Amino acid sequence: MPKIEVLDEQTIDKIAAGEVVERPSSVVKELVENAIDAGSTAVTVEIKDGGTSLIRVTDNGCGIERDQIPVAFYRHSTSKIRQVEDLLTISSLGFRGEALSSIAAVAQVELITKTEDSFFGYRYLIEGGKERSTEEIGAPGGTTVLVKNLFYNTPARRKFLKTPQTEAGHISDMMERIALSHPEISFKFINNGQIRLHTSGNSRLLDVIYQIYGRDITANLIEVSGEFDSFAVSGYIGKPVISRGNRNYETYFVNGRYVKSTLIAKAIEDGYQGFLMQHKYPFAVLLLSLDGNLVDVNVHPNKMELRFSNEQEIYERISDLIRRTLSEKELIADVAVNEESSGKVQPAYDKSKIPEPFETNRRAQTAREPIRYNDRPPASLPDTEPTGQSAPQAPKKSRHASSSYPAADLTEQPRQAELSDYTQESAPFLSEEARPRHRIIGQLFDTYWLVEYDDRFYMIDQHAAHEKVLFEEMMDRWRSDQCDSQMVSPPILLTLSLQEEALLSRYMEDFEKLGYSIDSFGGKEYAVRAVLANLYGLNEKDLLSDLIDELSGVTEKDTPDMVAEKIASMSCKAAVKGNHSMSRTEAEHLIGDLLKLENPYFCPHGRPVIVSMTKQEIEKKFKRIV
């Protein structure tokens, strides 16, 4: 057995740092939380190279006394608690006393601090957990912490960091959430010399939301507020129109601390049940305040997870509050007037019709011709036994038959088999050989086309079929670099987070290959000057937002075709919808397009395009045969 030895202090510190300092955003989080606990009203965070080369956090808080500076870097040194009982009533953000010690163990740290009643400030250097120097220096009130060359002495951990842009995105996301939790503090975030966030600190949560998410989202928010027996909740929730494809827009805080809680997430989403389509998630910024005795934040070193002692009450109250708030508001989506139309406002979405999966309201359709049924007269049904003659007798016409709807004699027998029934082999339904024998009967519920072919009855979902056709066409154009663009004037403006910017930058070539033209418009804004031609006029802004959300699930292992398929799957937005009357000519053209596809039987989302039933099965239903 190997010899058991006690680890040295440096190794212990590096191991402990691994629990607290996972990436640059962990450093920023700990330092900003310390600044907030110090009573700051303004906090500035500056990073370079995703935080790996430099992180600077400056505050105007109370500062640190000279003799307390080295103590602040000891392991488990803290000013937030004194005994184990204090863990039950924690009101500060940081309390473990591991942050500065862990950061100093894996970086070169410089601290400059000055208290209000001190004439001088002090500059303290510590590298890899070892003190270097302490000296007096002129400085403003508050504290500045500089963290340089993160993980310089643990290269194995630095190797696993993502690109600087990705790491900066994590920091930006974290800063936005902290700003939402403390609207009374002015936060400034600078990335590589560019200001990415600057809040006023005027205590107005709505102003912070506007700074982060932009005008469109802020204009579609509903304020919520409720006080209950053991906790209170306030904040804003979004109207269903601004739902997203992931949970990135669900933000909630407990006593000022940003946390992740499956309980709160479920309460929010269940509150929206019936208001959102499946696989859509709401926008929410909720601030919860409750007695510290009812929550345990001492669950994980990063303090992101917690436990409640009154879980059932929290779930029921939040879910009910959101449901009641939504029910009290008129949530009819506004429809923009199409400038190319006659100027009339288009009708709002008819809530009496259930939309198909992944469908959105389409712009105004041009007038279409009514359905025309096949001009062939329906075959009359025989009401006598076959005669056995070489040629079948002409069938008698029922005395109840009209010129349009011949009455069926329930005592009739199946027609005599003809030679052609045995000599002619049926071709597949979706084949050029079979197409001349298709008999289009009509359209059912303005959604399904009914087709008779040989001894089978087929139903074609027009939306799923059109989706598949558009998807395959788009993929073919993408592979051959022949995608068409449609210019947009004025351009569409998108407000993107750093993480969304990283996705856009990563897949910009794919967007351009599909016909998009997107460039920076300054700050967080991006101008979309051209879009995919067949998606023009279909709320391109929302489509692009959904598309960027979809691409967040693509990994580096995925093939370029998979990226294109994510983009091409948006073709369903341009597909003709259910509850829409197509003409017979359009239906024939759609069936013709299906014939050209390698796999025309399932739409891009996996739903069937065509279902069928044999004549024998139908006759069983009517008890013609047993």
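As the structure is a computational prediction, the values presented were derived from the model and not from experiment.
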Yes or no on salt bridge (Lys or Arg N to Asp or Glu O under 4.0 Å) for E472 and K468, after CA distance, side-chain angles and deciding distance? CA-CA 6 Å; E472 294 293 345; K468 185 65 173 182; 3.4 Å; yes

Does I237 reach the side chain of L326, with side-chain heavy atoms less than 4.5 Å apart? yes

Those residues at least two apart in sequence (or on a different chain) that pass ring pair (Phe, Tyr, Trp, His ring centres under 6.0 Å) with Y249 are Y213, F283

So among E316, R323, R317, which one has a side chain to side chain donor-acceptor pair (under 3.5 Å) with S319? R323

Just checking, is any N or O donor in the side chain of D270 or Y315 under 3.5 Å from an acceptor N or O on the other one? yes

Give the minimum heavy-atom separation between A434 and P428, together with the two atoms involved. CB-O, 3.1 Å

Would you compute the distance between atom CD of Q312 and atom CG of L263 and round it to the nearest 0.5 angstrom? 8.5 Å

Please walk me through it: do I518 and R529 pass side chain to side chain contact (heavy atoms under 4.5 Å, CB included)? CA-CA 6 Å; I518 307 173; R529 305 187 186 279; over 6 Å; no

Regarding Q462 and Q443, is there a side-chain donor-to-acceptor distance under 3.5 Å anywhere? yes

Regarding R437 and Y453, do their side chains bring together a donor and an acceptor under 3.5 Å, going by distance alone? yes

Could you pull out the closest heavy-atom pair between W449 and S583, with the gap in Å? CZ2-O, 3.7 Å

Can you see whether S172 engages R196 through a side-chain donor-acceptor pair at a distance of less than 3.5 angstrom? no

When rounded to the nearest 0.5 angstrom, what distance separates NZ in K620 from CD1 in I625? 6.0 Å

Return the CZ to CD distance between R506 and E501, rounded to the nearest 0.5 Å. 15.5 Å

Of all heavy-atom pairs between R177 and N248, which one has the smallest distance, and what is that distance? NH2-O, 3.4 Å

Where at least one partner belongs to residues 209-225, residue pairs that pass salt bridge (Lys or Arg N to Asp or Glu O under 4.0 Å), sequence neighbours excluded: D216-K541

Residues H438, Y458; criterion ring pair (Phe, Tyr, Trp, His ring centres under 6.0 Å); working and verdict: CA-CA 10 Å; H438 288 173; Y458 294 84; 7.5 Å; no

Is the number of heavy atoms from other residues, nucleotides or ligands within 6.0 Å of CZ (F457) greater than 12? yes

Heavy-atom count check: over 12 atoms from other residues, nucleotides or ligands less than 6.0 Å from E311 CD? yes

Residues that R435 engages under salt bridge (charged side-chain N to carboxylate O under 4.0 Å, His left out), provided they are two or more places apart: none

Holding to salt bridge (charged side-chain N to carboxylate O under 4.0 Å, His left out), I want the full list of residues that pass it with E525, two or more places apart in sequence or in another chain. none

With Y236, which of L205, L180, I222 fulfils side-chain contact (heavy atoms from CB on, under 4.5 Å)? L205

D461 side chain near V609 side chain, heavy-atom distance below 4.5 Å: no

Check for a donor-acceptor pair, side chain of T447 on one end and backbone N or O of F445 on the other, with a separation under 3.5 Å. yes

N/O donor-acceptor pair under 3.5 Å between T166 side chain and K162 backbone: no

Basic-acidic side-chain contact under 4.0 Å: R624, E619: no

Indicate whether the side chain of H463 and that of E467 have a donor and an acceptor atom separated by less than 3.5 Å. yes

Ignoring hydrogens, what is the shortest heavy-atom contact between L321 and S225? Give both atom names and the distance. CD1-O, 3.7 Å

Please identify each residue that fulfils ring pair (Phe, Tyr, Trp, His ring centres under 6.0 Å) with Y526, with sequence neighbours left out. none

Tell me if a side-chain donor or acceptor on T218 pairs with a main-chain N or O of G214 at a distance below 3.5 Å. yes

Can you tell me which residue pairs pass the salt bridge (Lys or Arg N to Asp or Glu O under 4.0 Å) test with a partner in residues 491-500, sequence neighbours excluded? R244-E500

Flag side-chain contact, heavy atom, 4.5 Å: L286 against V224: yes

Determine, step by step, whether I460 and I591 satisfy the side chain to side chain contact (heavy atoms under 4.5 Å, CB included) criterion, reporting the C-alpha distance in whole Å, the side-chain angles of both residues, the deciding distance to 0.1 Å, and the verdict. CA-CA 9 Å; I460 302 175; I591 295 174; 3.8 Å; yes

Going from CG on L494 to NZ on K524, what distance comes out if it is rounded to the nearest 0.5 angstrom? 14.0 Å

What's the verdict on side chain to side chain contact (heavy atoms under 4.5 Å, CB included) for S261 and Y252, showing C-alpha distance, side-chain angles and the deciding distance? CA-CA 9 Å; S261 168; Y252 35 88; 4.1 Å; yes

Donor on one side chain, acceptor on other, R456 and T614, under 3.5 Å: no

Could you give me the CA-CA distance, side-chain angles and deciding distance for E588 and T585, then say whether side-chain hydrogen bond (donor to acceptor under 3.5 Å, both in side chains) is met? CA-CA 5 Å; E588 290 178 337; T585 302; 5.1 Å; no

Would you name the heavy atoms of I441 and E452 that are closest together and state the gap between them? CD1-CB, 4.0 Å

pair F429-V451: side-chain heavy atoms closer than 4.5 Å: yes

Answer yes or no: is there a side-chain heavy-atom contact under 4.5 Å between L221 and I209? yes

Which value, rounded to the nearest 0.5 Å, describes the distance between L594 atom CG and H589 atom NE2? 10.5 Å

Here the pair of heavy atoms bringing I322 nearest to I268 is CD1-CA, 3.7 Å

Could you give me the CA-CA distance, side-chain angles and deciding distance for E269 and E250, then say whether side chain to side chain contact (heavy atoms under 4.5 Å, CB included) is met? CA-CA 9 Å; E269 292 160 17; E250 293 181 17; 2.8 Å; yes

Please report the interatomic distance CD(E433) to OG(S431), rounded to the nearest 0.5 Å. 4.5 Å

